Visitor: 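The structure under discussion is supplied below as structure tokens; questions concerning it will follow.
First listed ligand is number 1; within each ligand, the first listed atom is number 1. Bear in mind the structure is a predicted one, so any value in this text is a computation, not a measurement. Quick note: residue numbers are just sequence positions, from 1.
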Amino acid sequence: MLIAGNWKMFRGPDPAAFAGLDAVICPPFTRLRDCVDAGLATYAQNVHWEPEGAYTGEISAPMLLELGVVGSLVGHSERRQYFGETDETVAKRTRAALDAGLRVIACVGETQEEREAGETADVLRRQLSVLEPHPDLVLAYEPVWAIGTGLSATPDMAQEAHAFMKSLLDAPVLYGGSVKPDSAGPLLAQPDVDGALVGGASLDVDSFTTICQTAAAIRS
Ligand code: PGA
């Protein structure tokens, strides 16, 4: 069971407040060092595929490793939606990060329109088709319509999507999209939900702690 806190473009609370939690934190680049220094398993929110070069504004896997960062998110829907991330660039980032020794949480998920059009399976198949199994690769199923909206997928919807994803690619699958302390239990109790990627609720120490404790209780 893996619980990942995605702080997005927020400063986030004091990383020291999360000490002792069995979780990873994905802060903005400017807080990476704080989280590493607080002894947290720290992931970046993105990583470039080249180890070095003229790519202004990008951060490479070796640069992250040098900081003590141990992993990265890749392909978050906000990267796909606002920053031109494609299945191909997701594949390049994922491969390079894994090769360099970072762990990766690769995010996939359908939009509201795609779900309503009955295209969820096609979208997941397409997004996963560019990825290969790897011991350090974890997937996150994040339906775009559930991210930051308060509209979480139901436990049955998550279970169905996760089982389908695992039939395509052998990797643990986290659920992400409006996970809150009260919705976490039923979601994490599903057999193919292997953890959670938590945005808003990870910014509050108490709510994130409750989610981590819920996860620990379910799999203990
Ligand atoms: P949310 O964000 O929990 O605020 O919906 C999830 C994510 O984007 O990782």
Side-chain angles (χ1 to χ4, degrees), residues 1-13 15 18 21 23-29 31-32 35 40-47 69-85 90 93-94 97 102-112 114-115 120 123-124 127-128 131 137-155 157-158 161-162 165 171-188 190 193-215:
M1 190 75 89
L2 175 67
I3 305 296
N6 181 12
W7 287 357
K8 306 197 184 185
M9 209 165 70
F10 298 110
R11 289 197 79 245
F18 295 85
L21 284 185
V24 309
I25 300 291
C26 317
F29 286 114
R31 302 298 312 278
L32 288 171
C35 289
L40 301 175
T42 304
Y43 281 40
Q45 296 178 1
N46 201 6
V47 56
V69 171
V70 295
S72 183
L73 300 178
V74 171
H76 191 281
S77 72
E78 287 150 17
R79 302 300 313 171
R80 297 177 189 259
Q81 207 176 343
Y82 305 126
F83 302 100
E85 196 79 65
V90 169
R93 291 182 199 277
T94 301
L102 288 171
R103 299 179 214 143
V104 170
I105 300 174
C107 307
V108 300
E110 81 288 357
T111 63
Q112 179 79 45
E114 289 163 342
R115 177 162 278 270
T120 299
V123 171
L124 295 177
Q127 291 177 328
L128 292 177
L131 302 175
L137 175 64
V138 170
L139 304 174
Y141 171 58
E142 295 212 301
V144 179
W145 47 270
I147 298 174
T149 59
L151 290 172
S152 174
T154 65
M157 282 159 93
H162 286 218
M165 287 168 60
V173 183
L174 314 183
Y175 170 77
S178 297
V179 175
K180 307 290 178 208
D182 54 352
S183 64
L187 286 162
L188 293 169
Q190 298 301 309
V193 176
D194 302 307
L197 179 51
V198 185
S202 71
L203 291 165
D204 180 80
V205 181
D206 291 340
S207 73
F208 193 58
T209 301
T210 302
I211 293 168
C212 292
Q213 288 168 342
T214 301

Visitor: Considering only protein heavy atoms, which is closest to atom 9 (O) of ligand 1, and at what distance to one decimal place?
Guide: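 The closest heavy atom on the protein side is E142 OE2, 2.9 Å.
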Visitor: Would you mind running through ligand 1 and noting each atom that sits below 4.0 Å from a heavy atom of G177?
Guide: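 Close to G177: 5 (O).
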Visitor: Would you say the side-chain atoms of W7 pair up with the backbone N or O of P28, donor to acceptor, closer than 3.5 Å?
Guide: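 Side chain of W7 to backbone of P28: no pair is present.
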Visitor: Check ligand 1 against G148 and write out every atom of the ligand that is under 4.0 Å from a heavy-atom position of the residue.
Guide: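 So the answer, numbered in order with elements, is 1 (P), 4 (O), 5 (O).
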Visitor: Which protein heavy atom lies closest to atom 3 (O) of ligand 1, and at what distance to 0.1 Å?
Guide: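 Answer, as residue, atom name and distance: G199 N, 2.9 Å.
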Visitor: Touching ligand 1 at all, A201? Heavy atoms, strictly under 4.0 Å?
Guide: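 It does not; every heavy atom stays at 4.0 Å or beyond.
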Visitor: Where is the nearest protein heavy atom to atom 4 (O) of ligand 1: which residue, which atom, and how far?
Guide: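 Of every protein heavy atom, G200 N, 2.9 Å lies nearest to atom 4 (O) of ligand 1.
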Visitor: Kindly confirm or rule out an N or O of T149 lying under 3.5 angstrom from an N or O of ligand 1.
Guide: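 N/O-N/O distance below 3.5 Å does not exist for this pair.
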Visitor: Of the backbone atoms (N, CA, C, O) and the side-chain heavy atoms from C-beta on, which set of A146 has a member under 4.0 Å from an atom of ligand 1: side chain, backbone, both, or neither?
Guide: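 Backbone only; the side chain of A146 stays clear of ligand 1.
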Visitor: Under the salt bridge (Lys or Arg N to Asp or Glu O under 4.0 Å) rule, collect the residues that match up with E114, sequence neighbours excluded.
Guide: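 Here no residue qualifies.
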Visitor: Output the distance between atom OG1 (T94) and atom CG (L102), rounded to the nearest 0.5 Å.
Guide: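 Going from OG1 on T94 over to CG on L102, the span is 11.0 Å.
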Visitor: Is there a donor-acceptor pair closer than 3.5 Å between any side-chain N or O of R80 and the backbone N or O of C107?
Guide: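 Yes; at least one donor-acceptor contact below 3.5 Å.
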Visitor: Under the side-chain contact (heavy atoms from CB on, under 4.5 Å) test against M1, which residue among L174, D194, L188, V193 passes?
Guide: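 Of all the options given, the one that passes is L188.
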Visitor: Who are the salt bridge (Lys or Arg N to Asp or Glu O under 4.0 Å) partners of R115, not counting sequence neighbours?
Guide: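 So R115 forms a salt bridge (Lys or Arg N to Asp or Glu O under 4.0 Å) with E110.
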Visitor: Between I147 and ligand 1, find which residue part has any heavy-atom pair under 4.0 Å and reply side chain, backbone, both or neither.
Guide: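 Answer for I147: both.
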Visitor: Could you establish whether S178 and ligand 1 come within less than 4.0 Å of each other, counting only heavy atoms on the residue side?
Guide: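 Yes; S178 lies near enough to ligand 1 that a heavy-atom distance drops under 4.0 Å.
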Visitor: Do H76 and Q45 have side-chain atoms, one donor and one acceptor, less than 3.5 Å apart?
Guide: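 Checked: H76/Q45 side chains show no N/O donor-acceptor pair below 3.5 Å.
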Visitor: Do Y175 side-chain atoms and A153 backbone N/O form a donor-acceptor pair below 3.5 Å?
Guide: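 Yes: the side chain of Y175 pairs with the backbone of A153.
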Visitor: Indicate yes or no: does an N/O atom of L197 lie under 3.5 Å from an N/O atom of ligand 1?
Guide: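 No, there is no polar N/O contact under 3.5 Å.
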Visitor: Would you say ligand 1 has an N or O under 3.5 Å from any N or O of K180?
Guide: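 So ligand 1 has no N or O lying under 3.5 Å from an N or O of K180.
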